[in-house]
Student: 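Here it is, the structure, as structure tokens.
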Amino acid sequence: MGLNKKSVDDINAKGKRVLVRCDFNVPLKNGEITDETRIVAALPTINKLIKDGGKVILCSHLGKVKNGPNEGESLAPVAKRLSEKLGKEVNFISDYNVTGEAATAAVEAMNEGDVVLLQNTRFRGKEETKNGEEFSKELADLADLYVCDAFGSSHRAHASVEGVTKFITEKGGENAVGYLMQKEIDFLGNAVENPVRPFVAILGGAKVADKLNVINNLLEKCDTLIIGGGMAFTFLKAKGYEIGNSLVDDEKLDYCKEMMAKAESLGKKLLLPIDTTIADGFPNPIDAEIAVEVVDADKIPAGKEGLDIGTKTAELFADAVKSAKTVVWNGPMGVFENPTLAKGTIAVAKALAETEATTIIGGGDSAAAVNQLGFADKMSHISTGGGASLEFLEGKELPGVVAADDK
Ligand code: AMP
């Protein structure tokens, strides 16, 4: 699927103030960045705009900012790391108001190729609400052009993602998408809309309810849909199996039946676990040592809980991946945070690492699992956006993409 939106290659940034919405929502521990993936992913767009002689004004949110602005969720550590990565000074505007006098003065003083980073956009509560117009306009007032490169936030119609574009247009500016957005959309879009077949989609994670539309949409697009993780048990129960104390969503039993019937009528393969790794209960703490056994999926004893796919299932799923040409994976196969219950997720990650197919990992937990288990460099693409990539797989349009100017 070609993206018919203006990109950074279609705008002339020379001497212009360019506001770039990045996704610098990095994990922090005691003020230190523990994973710089999102910073590294933003570099190509930033470097391109610097090279073109733009005045590069960066903004992003970080964290949930539940209790108002605070130093723990300041973008200061990002400014420092970004400055090291770019090999040049990043002028960080620490003002909790994000826009305002300090930001305006800093932007006025910019030369071509300079970089300014504004404070966490969520420090302005209105970023997240529909009433963010004032903030959107203040952001637009700082710039001539706008570039959205925050794939991880592109499913939210926030002030700095979508709201700002209207005001940029009003003042005669242009709205484009950055290289990261383009890359994400190329991979995910091609996989879903124009896959090289066989196309195998793998879904896991905790709840069926979170992925209803993803299951429905992918069933239409893929050749084989594999379902593992906690969500598989609602399907197994819908088939009439006893599932003990395994995770289940009784309200979705009919939905699961409908999906199984849909797969059959479309002639698609829907693979469910044939065996499962069970224990007396959920590990507490999550990485505690745990005694497990593997039983057939239709023989889960009362009182036991299925916490990972079993060995035969791991082989079945790995086999399906072997002959695939395109694989999309979202959601772990079990409680992968626990080494004893990570085996199914590792087996699937390994199968993806070994196949010649284009392999695309939806963000969130599956990206974390692939990184944590050491398979990251074997995948064709690991999405930087969990929620955004899921919405993409649901077939939804992303507000951050829609808001960019058409070519
Ligand atoms: P999600 O956020 O929906 O992708 O779910 C990810 C979470 O699902 C991880 O924290 C896993 O520990 C959890 N999970 C995966 N399989 C199971 C299972 N069989 N029972 C309970 N939780 C699970």
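Quantities reported herein were computed from a predicted structural model and do not represent experimental measurements. Counting starts at 1 for both ligands and their atoms, in listed order.
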Student: Taking G331's backbone N and O only, do any of them form a donor-acceptor pair with D365's side chain (distance below 3.5 Å, no angle check)?
Tutor: no
Student: Could you pull out every protein residue that has a heavy atom closer than 4.0 Å to ligand 1, ordered by chain and then number?
Tutor: G205, A206, K211, G229, G230, F233, L247, F282, G306, L307, P332, G334, V335, E337, D365
Student: Using modelled atom types and a 3.5 Å cut-off, is there a donor and acceptor pairing between side-chain atoms of T345 and backbone atoms of M333?
Tutor: yes
Student: For K312, does its backbone N or O pair with a side-chain atom of D275 as donor and acceptor, under 3.5 Å?
Tutor: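 Yes; judged by distance alone, with no hydrogens or angles, the pair exists.
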Student: Are any of the side-chain nitrogens in R38 or E184 under 4.0 Å away from the carboxylate oxygens of its partner?
Tutor: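 Between E184 and R38 there is no salt bridge, as every charged N stays at least 4.0 Å from the carboxylate O atoms.
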Student: Regarding E354 and K378, does a basic nitrogen lie under 4.0 Å from an acidic carboxylate oxygen?
Tutor: no
Student: Is D186 salt-bridged to K183, going by a charged N under 4.0 Å from an acidic O?
Tutor: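 The answer is no: the pair does not qualify as a salt bridge.
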